[in-house]
Peer 1: 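There's a structure below that I have some questions on.
Quick caveat: nothing in here was measured; it's all calculated off a predicted structure. All values below come from the heavy atoms of this structure, side chains included, with hydrogens, waters and symmetry mates left out.
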Amino acid sequence: MKDLSLLPETKLGFSTVPPSLALTPFNVRRAQPKDATALLALMRDLAQFEGYISQFCVTENDLLARGLAEGSSREPAQFTAFVAETTNKTMAQQLQAYAVVYVIPFTFDLRPTLVLKELFIRKEARGAGLGDALMKLVICYAKSQHCGRIKWEVLANNTRAKRFYASQGGMQNRLWENWIMLC
């Protein structure tokens with residue numbers, strides 16, 4: 001990772017962030033407890049987009065308790081979230097996009113797998129490079145965790161997302177089928 005440089009305003013708790021992110025009209029960073037309200041709103045937008053809003057149960061307290069809260073008195077984080085916020089002076093600074101990841105610590109090659117659980121960009125912010133910036137951050141995080149791979153799911157009819165992930169170097173895994181069991 002010799003081509004990366006540390007940005008002083010970026011306190012991610014891992015490695016470094018590509019210098020190209022410093023030149024964008026938005027800031028991409030690790031989510032903080034203060035982001036819980038705005039992050040939850042984006043998560044609700046994703047649930048609406050993907051069609052499971054009636055089953056959506058996450059609250060701000062859940063986000064804080066399971067991953068955003070700081071301090072050593074809590075359980076280990078169940079997820080890590082990254083957010084993209086506008087820095088354009090003509091717009092109010094607000095979260096425009098997010099990514100949620102978690103680590104599967106042990107796999108066949110003794111390296112962890114990073115699961116990209118969610119990546120979502122507000123409709124009005126799509127096409128501005130937020131997805132690229134978040135994916136770069138997710139990749140940096142995966143490397144800092146010594147992951148052997150990143151995996152995720154895409155809705156079958158979301159061709160725009162499929163094109164985006166392919167442009168990032170992702171590929172469909174045609175060896176495995178996605179299965180589920182409700183409990």
Side-chain angles (χ1 to χ4, degrees), residues 4 6-18 21 26-87 93-107 111-122 125 130-155 161 164-165 168 170 178 180 182-183:
L4 304 178
L6 185 62
L7 298 175
E9 69 277 7
T10 307
K11 297 176 184 166
L12 298 169
F14 65 90
S15 198
T16 58
V17 176
L21 297 185
F26 49 85
N27 181 37
V28 177
R29 59 176 173 77
R30 192 170 188 154
Q32 302 167 2
K34 69 178 183 167
D35 298 318
T37 301
L39 180 57
L40 182 62
L42 285 171
M43 291 175 127
R44 287 183 189 278
D45 289 347
L46 176 62
Q48 184 70 42
F49 176 79
E50 291 186 344
Y52 59 87
I53 191 67
S54 65
Q55 300 167 327
F56 188 81
C57 300
V58 180
T59 67
E60 286 181 42
N61 287 339
D62 295 323
L63 293 176
L64 291 167
R66 295 175 183 243
L68 296 182
E70 297 172 337
S72 59
S73 62
R74 64 178 178 86
E75 296 292 318
Q78 295 176 12
F79 70 91
T80 299
F82 303 104
V83 294
E85 61 191 353
T86 58
T87 57
Q93 190 171 21
Q94 62 177 331
L95 298 187
Q96 298 295 322
Y98 78 96
V100 170
V101 299
Y102 65 90
V103 175
I104 300 172
F106 180 85
T107 56
R111 294 178 69 192
T113 294
L114 187 76
V115 177
L116 174 59
K117 178 63 180 120
E118 298 176 354
L119 180 103
F120 181 73
I121 301 160
R122 287 185 194 276
L130 297 169
D132 291 330
L134 282 170
M135 281 301 290
K136 286 178 183 175
L137 201 50
V138 166
I139 292 165
C140 284
Y141 184 73
K143 289 178 179 180
S144 77
Q145 301 299 304
H146 308 289
C147 293
R149 70 213 48 79
I150 302 170
K151 60 190 257 182
W152 61 90
E153 297 175 341
V154 180
L155 284 175
F164 167 74
Y165 290 124
Q168 299 296 308
N178 199 13
I180 188 171
L182 301 177
C183 300

Peer 1: Distance from Y141 atom OH to R30 atom CZ, nearest 0.5 Å?
Peer 2: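 Between atom OH of Y141 and atom CZ of R30 there are 5.0 Å.
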
Peer 1: Do Y102 and Q78 have a side chain donor and acceptor closer than 3.5 Å?
Peer 2: no

Peer 1: Compare every heavy atom of A69 with every heavy atom of P33, then report the nearest pair and how far apart it is.
Peer 2: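 Looking at all heavy atoms of both residues, the shortest contact is CG-CA, 4.3 Å.
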
Peer 1: Determine, stepwise, if the pair V58 / R66 fulfils side-chain contact (heavy atoms from CB on, under 4.5 Å).
Peer 2: CA-CA 10 Å; V58 180; R66 295 175 183 243; over 6 Å; no

Peer 1: Do you know which two heavy atoms are closest between A99 and L116, and how far apart they sit?
Peer 2: CB-CD1, 4.1 Å

Peer 1: What is the distance from atom NZ of K117 to atom CZ of F79, rounded to the nearest 0.5 Å?
Peer 2: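 It comes to 12.5 Å.
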
Peer 1: Report the distance from atom CE of M135 to atom SG of C140, rounding to the nearest 0.5 Å.
Peer 2: 11.0 Å

Peer 1: To the nearest 0.5 Å, how far apart are CG in D35 and CG in L40?
Peer 2: 12.0 Å

Peer 1: For residues A47 and F56, report the shortest heavy-atom separation together with the two atoms involved.
Peer 2: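 Minimum heavy-atom separation between A47 and F56: CB-CD1, 3.7 Å.
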
Peer 1: Identify the two heavy atoms, one from P112 and one from H146, that lie closest to each other, and give their separation to 0.1 Å.
Peer 2: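 So the minimum-distance heavy-atom pair works out to CD-O, 3.4 Å.
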
Peer 1: Tell me whether R111 contacts the main-chain N or O of R149 through its side chain, where contact means a donor paired with an acceptor under 3.5 Å.
Peer 2: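 Not a single qualifying donor-acceptor pair exists.
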
Peer 1: Rounded to the nearest 0.5 Å, what separates atom CG in L39 from atom NZ in K34?
Peer 2: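 These two atoms lie 13.0 Å from each other.
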
Peer 1: Measuring from L134:CG to K136:NZ, what's the distance to the nearest 0.5 Å?
Peer 2: 11.5 Å

Peer 1: Can you find a pair of side-chain heavy atoms, one from W152 and one from V138, that are under 4.5 Å apart?
Peer 2: no

Peer 1: Checking side chain to side chain contact (heavy atoms under 4.5 Å, CB included) against I121, which of L42, D45, L46, L130 comes through?
Peer 2: L130

Peer 1: Counting only heavy atoms not in E153, do more than 12 fall under 6.0 Å of its CD?
Peer 2: no

Peer 1: Taking all non-hydrogen atoms of both residues into account, name the closest pair between I53 and Q48 and its distance.
Peer 2: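 I53 and Q48 have their closest heavy atoms at CG2-OE1, 3.4 Å.
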
